Amino acid sequence: MARAPSSIVIFSRQRPCRTCRNFSTQIRKLTVERKEIEFISEGIKPNQNHELPQSVNQHFTDVTKEVAKIMRTKSNWEQTLMLDFPSFNFTDPQFFWQLLKQQNNAFLSLRFFHWLHLHSDFVPDQVSCSVLFDSLLEAKACNAAKYFLQVSSFTPEQGSLERYICCLCDGGMVNDALDVFVKFKDIGICPSIATWNSALLGCLVVQRTDLVWKLYHDMLESRVVADIETVEYLIRAFCYDGKFMKGYQLLRQVLEEGLVPRNIAFNALISGFCKLRNFVRVSELLHTMIAKNCAPDIYTYQEVINGLCKNKMLLNALRIFNDLKNRGYSPDRVMYTTMIHGLCEMGWIRNARKLWFEMINKGILPNEYTYNSLIHGTFKNGEFRKARKLYDDMRDRGYGETTASYNMMITHLCLCGRTNEGFELFKEMAQKGIIRDVISYNAVINGFCKKGMMVEGKNLLNELLAHGIQPSSLSYIPLIKKLCELGDMKEAKQLWNDMQNKGLKPMACDYDHFISALCVRDHVMDGMDWLVVMLKNKLRPKKKTFETLIKCVSHCGRLDVMSRIVYYIKMGICNSLVWKFDMKKMGWRNKRPESFFKVYTRRRTRSVGTKKEELAKASKRKSLFKVYTRRRTKSTGTKKEELAEGSRGKSLFEA
DNA sequence: ATAGGGTTAG
């Protein structure tokens, strides 16, 4: 696959006109074309060796008018034409010209051509073809243009072909556009930079960055000089691929050359660095924008506020939001919705309501997104009745007929124990023809499981699979969790295997369902086996998992198992980066791992034993622990060796 | 561009 090279050639055309996307200004007007046609037609005399008499031309004009009228008004125009003009020769190229000029409608002309072609293999002459083709392009009818090109097999001139590429890209038919590029390559002609850019944008819009890079590779091969618009698309493509740093480096590179891309490139980068939680860079980008006379727009701030909210930095988001208002920017509906959603997500429902009424007072009406955000927040706040009322309000306004709305409502109904109502909505979706996706199914499956309705839950999972919907791990986990609770470990394991056979990776907390179910039934060793599986899958166990195990271990006094847990902590996890990060957060970096051990023993013994017992046990454990620390330090520490030692450790414990 | 599904901390 083609990849973007690290550096690119820049042509210093700061703001290129968008040749290919603005048909009304860039493409010659159809009226102009018509004049040209009339002019040319005097010189070309298709099928005739002499001038047509004026009377014949007049006759054509009359007939074309009549034909146009019939085509516009009658659905069975083909028959009507045959009946009304039984002896007329429609295949006369002169007549087709006349029709093109008269009808002023590319689609009607195309239909007429299609009819003629079906009956007589009629193909208009080159000039008519290009007029028709160009007007189809002007009408952005890429499918029609493609069809016409195939059937008439005429060769458009280079300009038309380039506009054809733009038209295809506008209509999302990027693969066809790429085929035209191949044609250009074959005849050794290089399209203009505007056409390349239009194609890059087309690929970007349909989220095919692989094609962006392929095109860019071809561009470099054709020695086309990229311009700032190209750079914008490449930055956006990098961001789409999640390679924000590469996009950023490209931006730096062009800024150094004195070129500034449009806001949208900055916005994409800002959105990316928000995702990475790199707000220092976000701030730097904002400053760069201002310095380069590229004032951040409402979309820019939208990205910033969205990023801050998603990272739970609500106060910062609110500050910027209020600053904007104070500085005279008026937040739009999207901005209000984003802010309300952020507040609801964090449970700040009162502030969310305040903004809700503020926007209504400003004359901005909430839309479906706003309603959904506030309903979500109201549910989270446990106010079922209020949420229900808001939902009815939304329905009264004609919103709520989308999958996302239904899913939100079903999820919350199921969460607050109203699974039946949720299921009713789920059925309503099917009746109304609203698509039910994996989230809809998962929500109801979860609801059924919560109520212990396992048969219904399993049926729904099977229905989901039967409908060919790609399940997610959340389609299985509620069932597995409940089965574990009920003690049906066999069935739970069966579903667990089904899930993994579908390539779905469970998360670390999903193992807890098995571990706690086993611990409840005093099967500590089996619980340990699950821990081992987790570690083998390079999953970082949650603190809760250890707590569950340790509680159980202490309950049945299996000190041997306890030391094995500590062994795993030392052997398996301490070396992974993730764990180190967690250790750092827990404040025991540079401390000896015993402290971790102590935390758990202390917590446990408080609830169980007396202080004397505690001390005695602790010292015993400590000595056990020391054995293993010593053993571990002996090993030189390559991963393989550690794994080998891990398995030896296991057998030691079980002996 | 904005809405729908699970994690963690004292």
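Naming convention: chains lettered A, B, ... in sequence-line order (proteins, then strands); numbering from 1 in each chain. Only a predicted model underlies this, so the values are computations on that prediction, with no experimental measurement involved.
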Rounded to whole Å, please give me the gap between NZ in A:K312 and P in B:dT8. 10 Å

Between P on B:dA3 and CG on A:D332, what's the gap in Å once rounded to a whole number? 13 Å

Roughly how many Å is it from NE2 in A:H376 to P in B:dA3, rounded to a whole number? 11 Å

When the side chains of residues 479-492 of chain A are checked against the rest of the protein, which donor-acceptor pairs come out under 3.5 Å, sequence neighbours left out?
residue: A:D488; atom: OD1; partner: A:E491; partner atom: N; Å: 3.3

What's the closest nucleotide to the A:A404 side chain, out of B:dT2, B:dG5, B:dA3? B:dA3

Using a cut-off of strictly less than 4.0 Å between a heavy atom of the residue and any atom of DNA chain B, enumerate the qualifying residues of residues 421-443 of chain A by number. A:D437, A:I439, A:N442

Of the nucleotides B:dG5, B:dT7, B:dA3, which one has an atom closest to the side chain of A:L474? B:dG5

Distance alone, cut at 3.5 Å: any donor-acceptor contact between the side chains of A:Y233 and A:E229? yes

Would you tell me whether A:R236 and A:Y240 have side-chain atoms, one donor and one acceptor, within less than 3.5 Å of each other? no

Taking only residues two or more places apart in sequence, or in another chain, which ones meet A:N311 in a side chain to side chain contact (heavy atoms under 4.5 Å, CB included)? A:R277, A:F279, A:M313

Which is true for A:T402 with a 4.0 Å heavy-atom rule: it touches a base, it touches only sugar-phosphate, or it touches nothing? base

What integer distance in Å separates A:M394:CE from B:dT2:P? 18 Å

I'd like to know if the side chain of A:D498 pairs up with that of A:Q494 as donor and acceptor (distance under 3.5 Å, no hydrogens or angles considered). yes

Could A:R436 and A:F426 be counted as a cation-pi pair, given that NZ or CZ must be under 6.0 Å from the ring centre and within 45° of the axis? yes

Base, sugar-phosphate or nothing for A:S472? Non-hydrogen atoms, less than 4.0 Å. base

In whole angstrom, give the distance that lies between atom CE of A:M359 and atom P of B:dT2. 16 Å

Rounded interatomic separation in angstrom, taking NE2 from A:H412 and P from B:dA3: 14 Å

From B:dT7, B:dA3, B:dA1, nucleotide with atom closest to A:E368 side chain: B:dA3

Separation of atom CZ in A:R333 from atom C1' in B:dT2, rounded to whole Å: 10 Å

So which of residues 448-467 of chain A are in contact with DNA chain B, with a heavy-atom cut-off of under 4.0 Å? none

Is a donor from one side chain sitting under 3.5 angstrom from an acceptor on the other, for A:D241 and A:T209? yes

List for me each residue that meets salt bridge (Lys or Arg N to Asp or Glu O under 4.0 Å) alongside A:K386, sequence neighbours excluded, and say none if there are none. A:E383

Got a sec, which residues hit side chain to side chain contact (heavy atoms under 4.5 Å, CB included) with A:D332, two or more places apart in sequence or on another chain? A:I298, A:V334, A:M335

Hey, does the side chain of A:K310 come within less than 4.0 Å of B:dA3's phosphate (OP1/OP2), counting only N and O? yes

